[in-house]
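So you know, we letter chains A, B, ... as the sequences are listed, proteins then strands, and number each from 1. Predicted model, so just to flag it, every value in this text is computed and none were measured.
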Amino acid sequence: MRVRLRSLLLAEKFSAALRLATILSHGTAKKVRADGVSQFTFSTEAGDTIVFPLRGHIVAVDYPESVRDWAATDLDRLVDTEPVEVEAPLALHEALRGIAPGIDEVVVATDFDREGELIGVEALRAIRAVRPDVPARRARFSAMTPSEVLRAFEGLCDVDWALAEAAATRERIDLAWGAVLTRFLTLACGSEVLLSVGRVQTPTLALVREREQEREGFAPRPFWDVLADIGDPPFVARAAGGPFWDPSGAEAATARAGLGADALVVRLEAYEEREAPPSPMNTTRFLAEASRRGLGTARAMAVAQDLYVRGAISYPRTDNTVYPPSLPIADILLRLRDSSYREHVDRIQSLPEVRPTRGPVSTTDHPPIHPTAAPPRLREPAATVYDIVVRRFLATLLPPATYRALAAGFRIGDADFVAHARGLVESGWRSVIPDERSTPPLPPLQVGDVLALRGLRTEAARTRPPPFHTQGSLIQAMERMGLGTKSTRHEIVALLYRREYIEGRAIRTTGAGRALVDALVPHAPDLTSPGMTRTLEGRMSAIAAGDVPMASVLRDSRDELHGLLAALRENEAVIARWIRDAARLHRDFGPCDACGRGRLVRRRTRTGWSFLGCTEYPRCRRRLRIGRGGVRLPWTLGTEAPLAAP
DNA sequence: GCAAGGTC
């Protein structure tokens, strides 16, 4: 009797397992539930296969019980403490242990990246705890398409232990630096709230701080424009040579123009402008758009995840901005015909050729975010998230928008004026994502026409500082600086809000956030900048390449952390006072004006809103809202006059 | 009570 090979395939997540099983079984795979975990099984001539969905990492590193007591644990000891590995979720480990005795080989088929390699190794270790000798191989596919997956399974390679070790090193370094420095600052400041520090969160906080400082240091520069209102209905022309950085320039232009009573058309220049459609959308772009439309980025990701699980959109965590050739664009369009986007689908289907745009980043993790179905009526905010995804997808398939632009030159008295207008000729992709800034058209003009001059005026303005970060712009900045990943950036931003390091939709640092960055910068410039991430990336590459062992990287990192800890301790008193004062100012709004005994302090509702409450609560129930810039406002609108902040 | 990284 021929022995049938029993294989266990490890997938990174449920959807990946389903897809792998479908492709490899040519649609014959069955979903089964064993040990409380869904998995897929199928049989071929070669043997029987189980495709097992993991759920990302199934092993977490944390410190052992012996160093959990903050007060009793010396931080230098913590630096050198080996973390323990925690099985989570436990159910997956139990399921793997249950399967292990009945299999002949393991194929690691997790995402083809560094974390994916470690996720696969975590599961493989769990299996080998039961079956030490089970052979394992690795499938490397750059897309979950039939051709790619089948190719990968024809040429299985070895598990890349060095790559997994690089990821494991990152886990340990992040934990050590985060835990040691968080404990140090929290204890040094005697703070009841956590003062957290991390390789990604602290440089991100510094980005907010830097933008704030740019604004603080910004000297607005006044300038003047001379405007002429011409014709009926009137349009606006600007004096040539402007804007004027000096009022006398504007005065001179006004004086020269003031000699005339009408405007003579002296020059007409018409030209065509093309505006290329946007590129396919990755996570960062999606979050920027969601943020622009008033959605918080963490919320937007949660909604996108839900739409993905429900089959309406593709996987929302991706860096890719180039559709893979395998993307079934025609099929997707067919599915979107049964939706309110039908008119746009019709336009695309009537094009002689559909050529999607390409963005700058081509990765193999997942395709750019695109719709996969037209779900029935969605409620907010799902409707907005789906709308962002569909419109962007459709826009990438439509031709450029073309405009007829017109520059008209006028002679008024002895001065030259210019008016511009731009009108849509072919809407192209702009039919699905309309341009919010449109310019009013100019009336039909010919050189030599004389139009009535209705008035001259001078407009004074000032140069503006760069805007505060929004969640969207902050996440884009993080990506540019190499901070965090597509899956974590929005979480880091949410964490900074939760820690009360930042506040507002136009993001500013709080007193505590500001003090924390300012206190750390002189002692740990690498920790408050992307420097630490860059160094770590370099070291991980060296580990993955086999140039250096994990142990030596950990040793170097621990030495550096001991050194930083020593430097911080030397300045502990100064740093502590600095942050403590700032944090207290941030929370404490002075004596309570109602009872006179307590103080008004910043508190949070369960839903995250800040308000001022009396420390004597519930004896004193005084409460106030906090307005822009920390101004106290009455709890009920209009019943009391606002009080000035102390 | 610490981080950042997967995914739900």
Side-chain angles (χ1 to χ4, degrees), chain A residues 10-17 37-38 53-65 67-73 75 78-79 81 83 86 88-89 91-92 110-123 164 166-205 283 298 301-310 315-318 365-366 478 482-496 498-499 527 532-533 536-537 540 557 561 565:
Chain A
L10 300 168
E12 182 144 333
K13 48 188 168 279
F14 182 87
S15 62
V37 178
S38 294
L54 297 166
R55 250 176 283 167
H57 286 287
I58 60 166
V59 173
V61 293
D62 202 356
Y63 283 117
E65 201 55 48
V67 290
R68 292 271 169 86
D69 184 341
W70 287 35
T73 305
L75 290 179
L78 191 60
V79 172
T81 302
V86 186
L92 291 189
T110 48
D111 288 359
F112 179 28
D113 54 27
R114 193 166 55 215
E115 296 296 327
E117 205 73 21
L118 178 56
I119 290 165
V121 163
E122 289 165 8
T169 309
R170 176 202 59 70
E171 285 184 326
R172 281 157 174 77
I173 290 176
D174 280 338
L175 175 63
W177 286 69
V180 168
L181 297 175
T182 297
R183 288 188 190 188
F184 173 81
L185 282 184
T186 307
L187 294 172
C189 298
S191 170
E192 332 83 89
V193 295
L194 266 183
L195 293 172
S196 66
V197 178
R199 173 176 60 85
V200 177
Q201 60 173 275
T202 305
T204 302
L205 178 59
T283 302
M301 270 316 269
V303 172
Q305 170 69 22
D306 186 53
L307 286 172
Y308 156 68
V309 172
R310 288 160 59 182
Y315 192 63
R317 291 179 274 271
T318 175
D365 50 357
H366 298 278
M478 290 172 77
L483 292 171
T485 72
K486 57 194 188 287
S487 313
T488 59
R489 289 186 195 110
H490 64 278
E491 292 177 352
I492 297 282
V493 173
L495 178 72
L496 294 177
R498 206 159 62 240
R499 294 275 186 262
L527 187 67
M532 182 171 168
T533 292
L536 185 60
E537 286 288 342
M540 283 195 290
S557 175
L561 186 50
L565 197 52

Looking only at the side chain of [X] (C-beta and beyond, no hydrogens), which of the listed nucleotides [options] gets closest?
X: A:Leu495; options: B:dT7, B:dC2, B:dA3; value: B:dA3
X: A:Glu115; options: B:dG6, B:dG1, B:dA3; value: B:dG6
X: A:Leu175; options: B:dC8, B:dG6, B:dC2; value: B:dC2
X: A:Arg199; options: B:dG5, B:dC2, B:dC8; value: B:dG5
X: A:Ser487; options: B:dG6, B:dC2, B:dA4; value: B:dG6
X: A:Tyr315; options: B:dC2, B:dA4, B:dG6; value: B:dG6
X: A:Val200; options: B:dC2, B:dG6, B:dA4; value: B:dA4

Rounded off to whole Å, could you give me the [atom1]-to-[atom2] distance for the [X] and [N] pair?
X: A:Glu12; N: B:dG5; atom1: CD; atom2: C1'; result: 10 Å
X: A:Tyr308; N: B:dG6; atom1: OH; atom2: P; result: 14 Å
X: A:Glu491; N: B:dG6; atom1: CD; atom2: C1'; result: 9 Å
X: A:Glu65; N: B:dC2; atom1: CD; atom2: P; result: 15 Å
X: A:His57; N: B:dC8; atom1: NE2; atom2: P; result: 13 Å
X: A:Leu185; N: B:dC2; atom1: CG; atom2: P; result: 14 Å
X: A:Arg489; N: B:dA4; atom1: CZ; atom2: C1'; result: 13 Å
X: A:Leu10; N: B:dG6; atom1: CG; atom2: C1'; result: 15 Å

Does A:Trp70 lie flat on the base of B:dG1, that is, centres under 5.5 Å apart and planes under 30° off?
yes

Taking for each residue the nucleotide of DNA chain B bearing the nearest heavy atom, is the 5' side occupied by A:Gln305 or by A:Asp69?
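Between the two, 5'-proximity favours A:Asp69.
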
Closest nucleotide of DNA chain B for A:Ala179 versus for A:Ile58: which of these residues is on the 5' side?
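So the residue in question is A:Ala179.
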
Would you please confirm or rule out a distance under 4.0 Å between OP1 or OP2 of [N] and any side-chain N or O of [X]?
X: A:Thr186; N: B:dC2; answer: no
X: A:Arg499; N: B:dG1; answer: no
X: A:Thr485; N: B:dG6; answer: yes
X: A:Arg317; N: B:dT7; answer: yes

For atom CZ of A:Phe112, is the number of surrounding heavy atoms from other residues, nucleotides or ligands below 6.0 Å larger than 12?
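Atom CZ in A:Phe112 is not crowded, with 12 or fewer foreign heavy atoms closer than 6.0 Å.
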
Within the 4.0 Å heavy-atom criterion, would you say [X] contacts the bases, only the backbone, or no part of the nucleic acid?
X: A:Val61; answer: base
X: A:Ile492; answer: sugar-phosphate
X: A:Gly484; answer: sugar-phosphate
X: A:Thr488; answer: base
X: A:Asp111; answer: sugar-phosphate
X: A:Glu171; answer: base

Between A:Thr533 and A:Arg199, do the side chains contain an N or O donor and an N or O acceptor separated by less than 3.5 Å?
yes

Look at the side chain of A:Thr110 and the backbone N and O of A:Ala11, then say whether any donor-acceptor pair between them is shorter than 3.5 Å.
no

For A:Gly484, is there any backbone N or O sitting under 3.5 Å from a side-chain donor or acceptor partner on A:Thr488?
no

Salt bridge or not for A:Arg114 and A:Glu117, using N-O below 4.0 Å?
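No.
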
Rounded distance (nearest 0.5 Å) linking atom CG of A:Leu495 with atom CG of A:Leu205:
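It comes to 10.0 Å.
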
Assign the ring pair A:His366 / A:Tyr315 to parallel, tilted or perpendicular, where the plane angle (0 to 90°) is split at 30° and 60°.
tilted

Is a donor-acceptor pair below 3.5 Å formed from side chain A:Arg183 to base B:dC2, judging by atom type as modelled?
yes

